[in-house]
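Note that these values count all heavy atoms, side chains included, but never hydrogens, waters or copies made by symmetry. Whatever order the structure lists them in is the order used to number ligands and atoms, beginning at 1. One is the number of the first residue; the rest follow in order along the sequence. Computed from a prediction, not measured in an experiment: that's the story for all the values here.
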Amino acid sequence: MDQFADVQQSFGRCLRGNNRFVDDFYRRLLGSDERIATMFASTDWTLQNKAIRRGISLAITFAGTPVAARRQVREMAEVHSRGGRAPITPELYEHWIESLILTVQASDPDYSPSLGKRWRTALEPAIGFMQNSY
Ligand code: HEM
């Protein structure tokens, strides 16, 4: 079974190689659509920094071993569902993935286009699950 160890390792290199990885990601995401910037107007960035690092790692785990991450991915999906604390319509995930891949590209010294494809493949199941849970 594909565990996406290469993608988890790439994520580790991103965080070690760029201590502003999360800031850079959110700068891109918030700049990509004005609706998105307003959603983060009262965000506690210290908490969000921790939550998103964990969330990305869980999403990668979900692709390789769904059973190991299903409960937590379901919780993230609830937060982003229409009745949740931070409702996210399905089309906004496109901005999220593009912002993330650009930040990985700028942060992982071993980045290649094929590794970028692996990231997309790894994040697809969690994103699909969250979009379907909206
Ligand atoms: C697979 C994709 C995504 C993952 C894994 C993810 C993960 C998370 C996590 C873990 C949190 C913190 C939840 C908590 O505080 O309990 C969060 C909050 C949030 N996310 Fe996402 N998210 C994703 C996609 C998106 C997208 C596409 C948007 C908007 C374009 C978005 C906007 C937000 C907002 C506005 C918050 C709330 C921030 C606050 O508390 O002020 N997320 N997300």
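- Looking at T43 against ligand 1, both its backbone and its side chain come within 4.0 Å, counting heavy atoms.
- In this pair, F25 and W96 present their aromatic rings perpendicular. The plane angle is above 60°, beyond the 30 to 60° band.
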For this session: Apply side chain to side chain contact (heavy atoms under 4.5 Å, CB included) to the pair Q48 and F40, showing each step before the final yes or no.
Result: CA-CA 10 Å; Q48 188 65 18; F40 286 96; 4.2 Å; yes

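- E98 and S32 form no side-chain donor-acceptor contact under 3.5 Å, judged by distance and modelled atom types alone.
- At a heavy-atom cutoff of 4.0 Å, ligand 1 is contacted by no atom of H95, backbone or side chain.
- Here the protein heavy atom with the shortest distance to atom 32 (C) of ligand 1 is F40 CZ, 3.3 Å.
- A side-chain donor-acceptor contact under 3.5 Å links S99 to the backbone of H95.
- Between the side chains of D24 and T103, not a single donor N or O lies within less than 3.5 Å of an accepting N or O.
- Looking only at heavy atoms of the protein, atom 11 (C) of ligand 1 is closest to Q48 NE2, 4.0 Å.
- Nearest to atom 23 (C) of ligand 1 among the protein's heavy atoms is W96 NE1, 3.3 Å.
- Within the listing of ligand 1, atoms 1 (C) sit less than 4.0 angstrom from a heavy atom of I127.
- For ligand 1, the atoms lying closer than 4.0 Å to a non-hydrogen atom of M39 are 35 (C).
- Of the possible polar contacts, none joining the N18 side chain to the C14 backbone as a donor-acceptor pair under 3.5 Å is found.
- Protein heavy atom closest to atom 12 (C) of ligand 1, with residue, atom name and distance, is A51 CB, 3.7 Å.
- Looking at atom 37 (C) of ligand 1, its nearest protein heavy atom turns out to be A86 CB, 3.7 Å.
- Scanning all protein heavy atoms for the shortest distance to atom 28 (C) of ligand 1 gives I88 CD1, 3.5 Å.
- Between R85 and ligand 1, an N or O atom pair is found at a separation short of 3.5 Å.
- The closest approach between any non-hydrogen atom of H80 and ligand 1 is below 4.0 Å.
- Residue-ligand proximity, L92 to ligand 1, at heavy-atom distances under 4.0 Å covers atoms 27 (C), 30 (C).
- Side-chain atoms of H80 do not come within 3.5 Å of backbone N or O of I88 as any donor-acceptor pair.
- At a heavy-atom distance under 4.0 Å, only side-chain atoms of I52, from C-beta outward, approach ligand 1.
- Heavy atoms of other residues, nucleotides or ligands lying less than 6.0 angstrom from CZ of R54 number 12 at most.
- Ionic pairing of R71 and E75 is present here: one or more N-O contacts between side-chain nitrogen and carboxylate oxygen are shorter than 4.0 angstrom.
- Side-chain contact check for Q131 and T89: no donor-acceptor pair (N or O, by modelled atom type) lies under 3.5 Å.
- From the protein, the heavy atom lying nearest to atom 30 (C) of ligand 1 is I36 CD1, 3.6 Å.
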